[in-house]
Amino acid sequence: MSVFDEDLFLKGLEQRKATLGAEYVEKNLAAADDFSQPFQEAMTAWCWGFGWGDDVIDAKTRSMMNLAMIGALGKMSEWELHCRGAVNNGVTKEEVRAIIHVIAIYCGVPQGLECFRAARKVFDGD
């Protein structure tokens, strides 16, 4: 039995749309089926409502943290998506570059190069 917190979901949905774009989020929610819908709801409530839902760390800083962590994990599709979100949250091209430098130092040059490739798609509009 799962517990669904609608208030946390709605709070998360607002933050998720603000960062990733309403069109992207609505497309993902619309594509959810009986199999994936519970995950979409839980992830929106937990990650975006609980994780992003307080004012302790601002959205720009959270985006910068996410880029570093997702880059370290090598999850490049998610990294590109969150790079777009980071730009929406005010992260500059220069700040993205500095984050990639840290990723390359701590996670290796090949991973830094992957991040540069993904960032280029974001900044060049590919």
For the residue pair [X] and [Y], what are the closest heavy atoms and their distance?
X	Y	value
Ala119	Ile100	CB-CD1, 4.0 Å
Gln37	Ala32	OE1-CB, 3.0 Å
Asp5	Leu8	OD1-N, 3.0 Å
Asn88	Gly21	ND2-N, 4.5 Å
Trp52	Ala59	CZ3-O, 3.7 Å
Gly85	Leu20	CA-CD2, 4.5 Å

Would [X] end up clustered with [Y] when hydrophobic side chains under 4.5 Å apart are linked, directly or stepwise?
X	Y	value
Trp46	Met65	no
Ile99	Phe123	yes
Leu10	Phe39	yes

key: Sidechain-backbone polar pair: Trp79 side chain, Leu67 backbone, donor-acceptor under 3.5 Å   =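 Yes; judged by distance alone, with no hydrogens or angles, the pair exists.
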task = Answer yes or no: is there a donor N or O on one side and an acceptor on the other, between the side chain of Arg16 and the main chain of Cys47, under 3.5 Å?
result =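 It does not hold such a pair.
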message = Tell me whether the count of non-hydrogen atoms from other residues, nucleotides or ligands lying under 6.0 Å of CD in Glu94 goes above 12.
response =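 More than 12 heavy atoms, drawn from other residues, nucleotides or ligands, come within 6.0 Å of this atom.
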Gap between atom [atom2] of [Y] and atom [atom1] of [X] - 0.5 Å precision:
X	Y	atom1	atom2	value
Ile103	Met69	CD1	CE	10.5 Å
Glu78	Ile70	CD	CD1	6.0 Å
Met64	Asp58	CE	CG	9.5 Å
Thr44	Lys11	OG1	NZ	14.5 Å
Gln111	Met76	CD	CE	5.5 Å
Gln40	Leu29	CD	CG	5.5 Å

key: Residue pair Glu23, Lys27: steps toward the salt bridge (charged side-chain N to carboxylate O under 4.0 Å, His left out) verdict   = CA-CA 6 Å; Glu23 183 179 337; Lys27 180 180 172 185; over 6 Å; no
task = Please determine, by modelled atom types, if Ser63 and Asn66 share a side-chain donor-acceptor pair under 3.5 angstrom.
result =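 Per modelled atom types, Ser63 and Asn66 side chains form no pair under 3.5 Å.
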inquiry  = Using 30° and 60° as the class boundaries, would you call the ring planes of Phe116 and His101 parallel, tilted or perpendicular?
reply    =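 Tilted: the ring planes of Phe116 and His101 meet at 30° to 60°.
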key: Lys17 and Glu26: CA distance, side-chain angles, deciding distance, salt bridge (charged side-chain N to carboxylate O under 4.0 Å, His left out) verdict   = CA-CA 8 Å; Lys17 286 180 178 182; Glu26 289 167 9; 3.1 Å; yes
task = List the steps, then state whether side-chain contact (heavy atoms from CB on, under 4.5 Å) holds for Glu14 with Trp48.
result = CA-CA 8 Å; Glu14 181 180 341; Trp48 294 98; over 6 Å; no
